[in-house]
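Report on the structure given below.
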Amino acid sequence: MIKNMVKKYTDKQLLDKVKSLPSFAAIPKGLWIIGVRSEEDTPNLFDDKFYLFDAEKFVMVLSGTTHPGTTVLKNYFKYNAVGAAVVKADEWYYNVWKYGLHKGKMPALLQLGSRITVFRDGDKDDKSEEIGVPVKGWFGINFHLNTYDFQSKVKKQFINDWSAGCQVCDVTVEYLRLIALVHERNELVSYCLLKEF
């Protein structure tokens with residue numbers, strides 16, 4: 001099993017960083033998520049982290065990916081003619097997600113709120129890159145798990161087609177806890193995606 005190599009951060013480091021971004025307006029009052037994109041970015045592996053906050057209070061950390069898998073990077077034309085969606089990092093996305101069902105069957109956070117900025121990676125290599133002209137819109141960039149089997153104790157190692165731009169968690173127990181907290185509040189969830197710093 002590959003270890004998640006993203007640096008560890010204190011709450012203060014994360015909050016200071018998100019407040020320093022040009023798109024920062026305010027810390028959300030309710031639950032919101034920070035994604036940290038691994039600098040290493042090992043192709044097709046879950047090597048990123050997500051941090052759930054309640055205003056400025058840390059709640060939990062989860063592992064996952066903020067990158068499309070190699071299945072999508074090499075066959076992006078099945079999803080989009082231009083390239084695989086790579087969410088622009090070091091950016092705030094306020095009120096972007098709302099609780100719902102991903103593909104009608106998985107409790108998830110769906111892009112039912114604001115727009116997200118993505119790059120279209122169309123060079124068909126193994127690396128997910130912010131290349132080309134960024135575009136902003138509603139692309140179905142959801143936050144979900146990498147399995148429909150919520151009882152499984154098996155931790156999947158490879159992203160494959162679990163992300164075509166979505167932000168995807170790879171540990172079922174923690175993910176279901178996060179989703180339950182968000183569902184209970186029934187509010188729009190903001191997201192801030194950072195590059196490892």
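Below, each value reflects all heavy atoms present in this structure, side chains not excepted, and no hydrogens, waters or symmetry copies. Residue numbers start at 1 and run along the sequence shown.
Of the inter-residue distances, the one linking Asp121 atom CG with Lys127 atom NZ reads 11.0 Å to the nearest 0.5 angstrom. Here the CG atom belonging to Asn80 is positioned 8.5 Å from the CZ atom belonging to Phe139, to the nearest 0.5 angstrom. Gln111 CD to Lys98 NZ: the interatomic distance, rounded to the nearest 0.5 Å, is 14.5 Å. A distance of 9.5 Å separates CH2 in Trp92 from NZ in Lys19, rounded to the nearest 0.5 Å. Summarising the geometry, atom OG1 belonging to Thr70 is positioned 9.0 Å from atom CG belonging to Asn75; distances are rounded to the nearest 0.5 Å. Taking NE2 of His183 as the reference point, atom CG of Leu109 lies at 11.0 Å (rounded to 0.5 Å).
Between the side chains of Glu40 and Thr42, at least one donor-acceptor pair of N or O atoms lies under 3.5 Å. Residues Asn95 and Ser114 have side chains that never bring a donor and an acceptor to within less than 3.5 angstrom of each other.
Between Leu194 and Ala89, the shortest heavy-atom distance links the atoms C-CB, 4.3 Å. Of all the heavy atoms in Thr66 and Asp48, the pair that sits closest is N-OD2, 2.7 Å. The two atoms that bring Asp54 and Leu31 nearest to each other are CB-CD2, 3.8 Å, heavy atoms only. Of all heavy-atom pairs spanning Leu62 and Cys169, the tightest one is CD2-SG, 3.9 Å.
Counting only heavy atoms from C-beta outward, the side chains of Asp41 and Glu196 never approach each other to under 4.5 Å. Here the side chains of Ile34 and Lys49 are not in contact, with every heavy-atom distance at 4.5 Å or above. At least one side-chain heavy atom of Pro68 sits less than 4.5 Å from a side-chain heavy atom of Val86. At a threshold of 4.5 Å between non-hydrogen side-chain atoms, the residues Val87 and Glu91 do not count as touching.
Criterion: ILVMFWY side-chain heavy atoms under 4.5 Å apart, direct or through other members. Under it, Leu112 and Phe143 are not part of a common hydrophobic cluster. Tracing side-chain contacts under 4.5 Å through hydrophobic residues (I, L, V, M, F, W, Y), one reaches Leu178 starting from Tyr191; they form part of the same cluster. In the hydrophobic clustering of ILVMFWY residues, with side-chain heavy atoms under 4.5 Å counting as a link, Ile131 and Ile116 come out apart. Linking ILVMFWY residues whenever their side-chain heavy atoms come closer than 4.5 Å, directly or via other members, leaves Tyr99 and Leu110 in distinct clusters. Tracing side-chain contacts under 4.5 Å through hydrophobic residues (I, L, V, M, F, W, Y), one never reaches Ile179 starting from Leu101; they form parts of separate clusters.
Between Tyr93 and Trp138, the distance from one ring center to the other does not fall under 6.0 angstrom.
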inquiry  = As a quick check of understanding, evaluate side-chain contact (heavy atoms from CB on, under 4.5 Å) for Ile159 and Asn146, giving each step before the final call.
reply    = CA-CA 8 Å; Ile159 301 164; Asn146 68 343; over 6 Å; no
query = Does the pair Asn44 and Phe158 meet the rule for a side-chain contact (heavy atoms from CB on, under 4.5 Å), with working shown?
reply = CA-CA 5 Å; Asn44 212 36; Phe158 301 109; 3.6 Å; yes
request  = Check the pair Trp162 / Thr71 against side-chain contact (heavy atoms from CB on, under 4.5 Å), numbers first and verdict last.
outcome  = CA-CA 9 Å; Trp162 278 103; Thr71 306; over 6 Å; no
task = Apply the test side-chain contact (heavy atoms from CB on, under 4.5 Å) to residues Trp97 and Trp32: give CA-CA distance (whole Å), side-chain angles for both, the deciding distance (0.1 Å), then the verdict.
result = CA-CA 9 Å; Trp97 287 323; Trp32 60 284; over 6 Å; no
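At least one cation-pi condition fails for Lys17 and Tyr9: the charged atom is not both under 6.0 angstrom from the six-membered ring centre and inside a 45 degree cone around its axis.
Judged by distance alone, the side chain of Tyr94 and the main-chain N or O of Ala25 form a donor-acceptor pair under 3.5 Å. The backbone N or O of Phe197 lies less than 3.5 Å from a partner atom in the side chain of Lys7, making a donor-acceptor pair.
Within 6.0 Å of atom CD in Gln13, more than 12 heavy atoms from other residues, nucleotides or ligands are found, so the atom counts as buried in its surroundings.
Note on Glu130 versus Arg37: salt bridge recorded, some NZ/NE/NH1/NH2 to OD/OE distance being below 4.0 Å.
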